[in-house]
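The next block holds one structure in the form of structure tokens; read it before the comments.
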There are 2 protein chains.
Amino acid sequence: MIKCVKCEQVDSIMKAGYVRGKQRYLCKTCNYYFTLSEKDLSSPSAIKRKRHQTTIIDIAKSLGVSNSTVSRALHGHADINPETRQAVLDKALQLDYQPNQLAYNLVKSKTNTIGMIVPEFHNPFFPNVIIGAHEVLTRAGYNLTIMQSNESYQVEISNTKAMLANRIDGLLISLTQETNNFDHLSVFEKRGIPLVLFNRVCEQINVPKVVVNDFEASFLAVEHLIMNGYERIAHLGGPLNLLVSQERLRGYRAAMEKHGKTIEDHMIIQGMLTQQKARIYGQYLLDLAHRPDAIFAVNDSAAIEIMLMAKEKGISIPDELGVVGFSDNPESAYIGPGLTTVRQPTHEIGRTTADWILQLVDDEDVILPGKRVLKTELIVRGSSRRCGI
Amino acid sequence: MIKCVKCEQVDSIMKAGYVRGKQRYLCKTCNYYFTLSEKDLSSPSAIKRKRHQTTIIDIAKSLGVSNSTVSRALHGHADINPETRQAVLDKALQLDYQPNQLAYNLVKSKTNTIGMIVPEFHNPFFPNVIIGAHEVLTRAGYNLTIMQSNESYQVEISNTKAMLANRIDGLLISLTQETNNFDHLSVFEKRGIPLVLFNRVCEQINVPKVVVNDFEASFLAVEHLIMNGYERIAHLGGPLNLLVSQERLRGYRAAMEKHGKTIEDHMIIQGMLTQQKARIYGQYLLDLAHRPDAIFAVNDSAAIEIMLMAKEKGISIPDELGVVGFSDNPESAYIGPGLTTVRQPTHEIGRTTADWILQLVDDEDVILPGKRVLKTELIVRGSSRRCGI
DNA sequence: AAAAGTATCGGTAACGTTTGCGAACACGTT
DNA sequence: AACGTGTTCGCAAACGTTACCGATACTTTT
């Protein structure tokens, strides 16, 4: 390689034109221009041999036809003599031709790729949604590129930028809990790139959305607790800027009000339910002078955390404390007693979302945005079934 | 009527056959054949308006500089007047310029994307590996494209083809249980595209591999059972064409032999452990005339299935039956009694694999292939701890 | 005064495909 | 012959970027 004559650096050297017929270099680190004398060069061995991929042009040349003919033959277009087509196909096989999707993408302005941005990977929820979406997209011949925003608005923005730069054909996105501004999504509208929101949706932007019946699910869950004789039901909810959290809170309130239960504000806690937070909130609730006799948590990990704490404190479940979670994580079925929870149709969410984006991508006609509401299912287990009632 | 596109004559036009279903005309004066394009006929209104994305050229034009200058300015290259650079940056913002990664990819033959192919999504294992890999790759400025082979050799092949066509910079892959031929992987070597195998690796191909100490883990797991007084230990293993399965079987055998336990062949079952299969095998084992007093299963789902069946049959765990699983799924901690299992460092597997591919991608120098063996941890819970011993 | 260095910019060939339009024939029919 | 019709193929222009190879006009050093 070429070393800077001053700082001996190798990496930061760039060519900087010619001066009187001699190559001139610039070292970016010490900002020094220099040219090399004859003796400095002259090491012809270490030329980086770039691997050549066989292209359409190679096939064309070796067959003595034009590359347009090759292209059409490979794609089964009309206007090609069957013999020629066969010859091209044979030669392609022989030369181990692999089409360059990049060039294709560039000329067609299409990538056959759908992007997906999810806020986190720790709960099984999003991986399961991915399974469903992946299934549909793969069957339709689309690739799926997944990015993770890590619950950060900034990361979400940079993710959407990357998706845009990569010219994905459509985007599936579930927002972070921080996302309150939606300009980075409007860009997709402006560009005519289809967009489907799922799970973590918002009202401020007019695109297709796929959600579950959060309000109804919460309502039924809380009503179920009430039917089992619980009176003082606490709610451990998600961040209130998420629509899902609002809906679930609404459901909680509605059920409580319908059955004439008093809602005590200090028994409603909203926030990001990390494991640590769940423990803190649980501690608070269970140590309350007049503690709740049931807790409706907005995800299963939090609910399970509560159950574990209750056990530590010697509070019996479900007799002294009823617990209901949300999502039906695998562990919820196996903990003792089993955790009553709201099962979400994760695979179906993925499939529905993917189906929708495919319609938008394929059809040029604008399909009216709307909202698909999928049904959840209340899975009743031991944690909320009072034997004495 | 119809004008010749060359000489603008009207009278001397005559029809001259059809080309691809379109009327062909001949101008007799200038002896020129031509057809009419869509835009010549038909109203100019109904033209499908293709959205124009602002490009580097737009910026260059509106600033009166060359596009190479714009390119350099945008990339913070040297050799640009600060004022010019600022002007370019401003204009880019004003015109809402978004770089076209596709064109970049084409000219650089690089996509800044790492591909990952996993056999399944149903166990939390691979999603967790993805989390780790995703973290490392994102930090390094790479995208991650995920495909799923669905345990099918054919799908795996088509996946690798798609990855190749999309010119990913590197591939992370965990093989399907069907994969016995590795030609589709050799292609990557030939192309000089880095490849790292993880978890489901093979010996037939000489590339970096990331695995866990399967042999040792199995050995310790079985030894743990023996130490707890179990004598007749059955093994529920994976498909034997997977190296992991072989290794785990080896570990099982070694531990049994070391402690002088007789290995009964009919107590070793190898195969794909779907839930259904696990039930069938479990049924068989538990109904055996002289049934095993412990079972070492190669994944947690199967182990848990066994535990459930034992409960149904009234076989007490761990007194009458010890159970050990593999992977430490979330539910394993919560089932009663807790399932003793081998925890795999899933995130670390992902991180290690990603780190390795990044090295291979960035450095031109060939790094010798090798094998990284990560440590597992035996998590002892109630399912294998005999109180009476 | 010649030579060398500095600072900024432009022209243009790639990268590998697709595709619209027309050329070049080869027929059959008046 | 002249004309109508069909078949098969080639040319060349995109697609948007990058980077090599310069040019030009100063300033500084030898």
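Throughout, a chain's letter reflects where its sequence line sits, starting with A, and its residues are numbered from 1.
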Taking OP1 and OP2 of C:dC15, is either one under 4.0 Å from a side-chain nitrogen or oxygen of B:Ser109?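 The answer is no; no side-chain N or O of B:Ser109 sits under 4.0 Å from OP1 or OP2.
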Can you find a side chain N or O atom of B:Thr69 that sits less than 4.0 Å from OP1 or OP2 on C:dC9? no
If you check the [X] side chain, which of [options] turns out closest?
X	options	value
A:Lys108	C:dT19, D:dA14, C:dC9	C:dT19
B:Val65	D:dG16, D:dG10, C:dG10	C:dG10
B:Ser66	C:dT17, C:dG11, D:dT17	C:dG11
A:Arg72	D:dT8, C:dA14, C:dT19	C:dT19
A:Asn67	D:dG10, C:dC9, C:dT17	C:dT17
A:Pro82	D:dT8, D:dG10, C:dT8	D:dT8
B:His75	D:dT18, D:dC9, C:dC15	D:dT18
A:Leu106	C:dA14, D:dC15, D:dC9	D:dC15

Return yes if some donor-acceptor pair links the side-chain N/O of [X] with the main-chain N/O of [Y] below 3.5 Å, else return no.
X	Y	answer
A:Ser62	A:Ile59	yes
A:Ser149	A:Val118	yes
B:Asp169	B:Thr111	yes
A:His134	B:Gln148	yes

Below 3.5 Å, does any donor atom in the side chain of B:Arg167 face an acceptor in the base of C:dG16, or the other way round? no
Hey, is the side chain of A:Ser68 pairing donor to acceptor with the base of D:dC11 inside 3.5 Å?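 Donor-acceptor pair under 3.5 Å: yes.
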Rounded to the nearest angstrom, tell me the gap between atom [atom1] in [X] and atom [atom2] in [N].
X	N	atom1	atom2	result
A:Lys61	C:dG16	NZ	C1'	12 Å
B:Tyr104	C:dG16	OH	P	16 Å
B:Leu102	D:dA14	CG	C1'	15 Å
A:Gln53	C:dA14	CD	P	18 Å
B:Ile56	C:dG11	CD1	C1'	15 Å
B:Lys110	C:dA14	NZ	P	23 Å
A:Gln86	D:dC9	CD	P	13 Å
B:Asn100	C:dC15	CG	C1'	13 Å

Give A:Ser71 one of three labels, base, sugar-phosphate or nothing, depending on what nucleic acid heavy atoms sit under 4.0 Å from its own. base
With A:Leu195 as reference, evaluate A:Ile357, A:Leu360, A:Val207 under the side chain to side chain contact (heavy atoms under 4.5 Å, CB included) test and give the passing residue.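 Testing A:Leu195 for a side chain to side chain contact (heavy atoms under 4.5 Å, CB included) against A:Ile357, A:Leu360, A:Val207 leaves exactly one candidate, A:Val207.
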Test side chain to side chain contact (heavy atoms under 4.5 Å, CB included), reference B:Met163, set B:Thr113, B:Leu171, B:Ile114, output is B:Leu171
Hey, which of these two, A:Thr84 or B:Pro99, hits DNA chain D nearer its 5' end, going by closest nucleotide?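 On the 5' side of the pair lies A:Thr84.
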